[in-house]
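Counting starts at 1 for both ligands and their atoms, following the listed order. Along the sequence shown, residues are numbered consecutively beginning with 1.
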Amino acid sequence: MQSRRLELMCLLFTIIFCIIISIYQYYFVLNLPSQSILFTSAKLKSDKFRILPNEHSSIWFQKNCFQIKQRSDNLAIANIPKYLNNARSSTNQICKDFVQKFDAVFRLEEIHGSLKISPVYLQKINRYFNKDAKLVEQIKNQRIIKIYNRHTHEEMLYNYMRSRRPQTKSEQSAETYTLQLMEESKTNCDFCGKNYLNSTAEDAFGRLEHSLSYTAANTFKYDRWHTLIVSRNHDTLHLTEDEIGDMFKLAQEWFQKVYSIESMYTCPEMIWDAMPKSGASQVHTHLQVSLGYDIYYGNIERIRQGARLYAQMNNGKNYFNDYVYVHQALGLTIPIGNVRIIIHLTPIKDLEVMILGERLEKDFYKALNLIFRVFVDDLNEFSFSLGMHLPPMNESNANGHEMPVNCRLLFRNPVTNLRADMNGLDLYTSSVIGKDRYVLYRQLKEGITKRKK
Ligand SMILES: [Zn+2]
C-alpha cells in the first residue's frame with residue numbers, strides 16, 4: 001500500500017515538474033529575442049534623435065581643439081591621432097567634451113608596419129612609383145589608422161598605400177559600358193511601359209500606383225511582406241529628384257498599408273541595387289522594401305542594440321546624436337536642410353556615405369539626388385548599393401524617435417572589371433580603405449556646392 005502511494009507521489013511530482021519546464025520554455029526560451037528587447041527598451045530612458053544647429057562650426061574645432069593653423073582642406077585621416085591628441089591636451093571644456101564623445105563611440109589606433117626590401121625589388125618599386133621618393137619612403141614604413149566603433153563593431157583600417165596598389169585596366173571605359181548596357185536593357189524590359197502588368201506579381205492586397213512609380217510584389221520573396229517599388233524611369237543613374245521622392249513616398253504608403261493589415265510588422269527597411277556590379281538582377285530602377293516582424297534585420301538590429309547599449313553606458317545619451325556631433329566636429333558632414341550627409345569614419349568600402357535625418361522628407365530626396373549627381377556625373381561611378389531603414393511604425397512621431405532615418409550608400413567599382421570590389425578581408429575581418437575620407441568629403445562638398453548655386 002505504501003509503495004503504491006510512493007509511486008503515485010512520484011508520478012504527481014514528475015507531472016508537476018514537466019508542467020513547470022513547459023511554462024519556462026514557452027515564456028523564457030521560445031520568446032527570448034522579443035522578450036529581451038522589450039526588457040532592454042523598457043529599462044532604458046534614452047534621448048531622441050534630433051538634427052540640431054551646430055553650436056560650433058568645424059572650423060572652430062579645427063582652430064581651437066585640433067590646433068590646425070592652415071586652411072581646412074589640409075585635413076587628413078592620417079592626422080586624426082594628432083587632432084585627437086591636441087584636443088585631449090586642450091583646457092577648453094568643449095574640446096574635452098568632443099574627445100569624451102569620440103572615445104565613447106570609437107577606439108582609435110595608430111599602427112606602423114615596416115618592410116625589408118631587397119635592392120632588386122627596390123628598383124621595381126622605384127619604377128612603379130616613377131621614382132617618387134616620398135612614396136617609396138612611405139611603402140617602406142607604412143602607417144595604418146584603425147578606427148573601431150565600440151557599439152556597432154564596424155571598423156576601418158585606413159592605409160593610403162592600399163590605394164596605390166597595381167590595378168588591371170579595362171579596355172572599355174566605364175561610361176561607354178554603362179551607356180550601352182542601359183540602352184540594351186530597355187529592349188524587352190519587364191518593368192518598362194505597361195509590361196509590368198503581365199510580367200510582375202502583386203501583393204495580396206493589390207498594386208499601389210503613382211504617376212512616377214508603382215509596386216510589384218517580389219516573385220522570389222525574402223520575407224512575408226516584401227515588395228518592389230519600381231520607378232517608371234528605366235535609367236536608375238539619371239533620375240530626377242521628383243522621381244526619387246515619388247518612389248520613397250510610395251514606399252511609405254506601402255509600409256502604412258501593410259501595417260494597417262498586420263500591425264505586428266513594424267520595422268521598415270529598404271534596399272536598392274543599381275547595375276550588375278552591385279548584384280542587381282534587373283537594370284530598370286527598383287527599390288526592394290520590406291516590413292520586419294518586431295525586430296529589424298540582423299545588420300540593422302546590431303546598430304539599434306549598439307545604440308541602446310551606448311545610451312545605457314552614457315546616461316541615456318542618444319548614440320546617433322553623438323555620432324553626428326563627432327563627425328560634424330571633425331568636418332565630415334554636409335548639411336542639406338534638415339538632413340546630414342556624413343562621410344563616416346567606418347565605411348564598409350571606400351565610396352560609402354551616409355544620410356541621417358529625423359524623417360523621410362524632401363531634404364532627404366534632395367541629398368540623395370545631389371550624391372547621385374556628384375558620383376555619376378563628376379566621379380564617373382556607375383553602380384551602387386543602398387540600404388536604408390526608418391523608425392518603427394508603432395512609434396509616435398510627436399516626440400521624435402530613438403532611431404533616425406538612416407541611409408547608407410556605397411558606390412561599387414570598377415564596373416568593367418571582373419575583379420570584385422570586396423574580398424575576404426572586407427567580408428570576414430575588417431573594412432580596408434585606401435581613399436582618405438577627407439578627399440571624398442571635399443569631392444562631394446565641391447560637387448554639391450556648385451549644384452546648389
Ligand atoms: Zn525598363
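- A 6.0 Å sphere centred on CE of Met161 holds more than 12 heavy atoms belonging to other residues, nucleotides or ligands.
- The ring pair (Phe, Tyr, Trp, His ring centres under 6.0 Å) test applied to Tyr83 returns Phe66, not counting sequence neighbours.
- Around the Zn ion (ligand 1), the protein atoms of type N, O or S that sit closer than 2.8 Å are Cys189 SG, Cys192 SG, His234 ND1, His284 ND1.
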Are Leu330 and Tyr438 close enough, and set up right, to give a side chain to side chain contact (heavy atoms under 4.5 Å, CB included), and what steps lead you there?
CA-CA 10 Å; Leu330 284 169; Tyr438 283 106; 3.6 Å; yes
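- Of the listed residues (Ile433, Val439, Ile145, Leu135), just one forms a side-chain contact (heavy atoms from CB on, under 4.5 Å) with Tyr160, and that residue is Leu135.
- The list of side chain to side chain donor-acceptor pair (under 3.5 Å) pairs with a residue in residues 323-335, not counting sequence neighbours, is empty.
- With sequence neighbours left out, Glu395 forms a salt bridge (Lys or Arg N to Asp or Glu O under 4.0 Å) with no residue at all.
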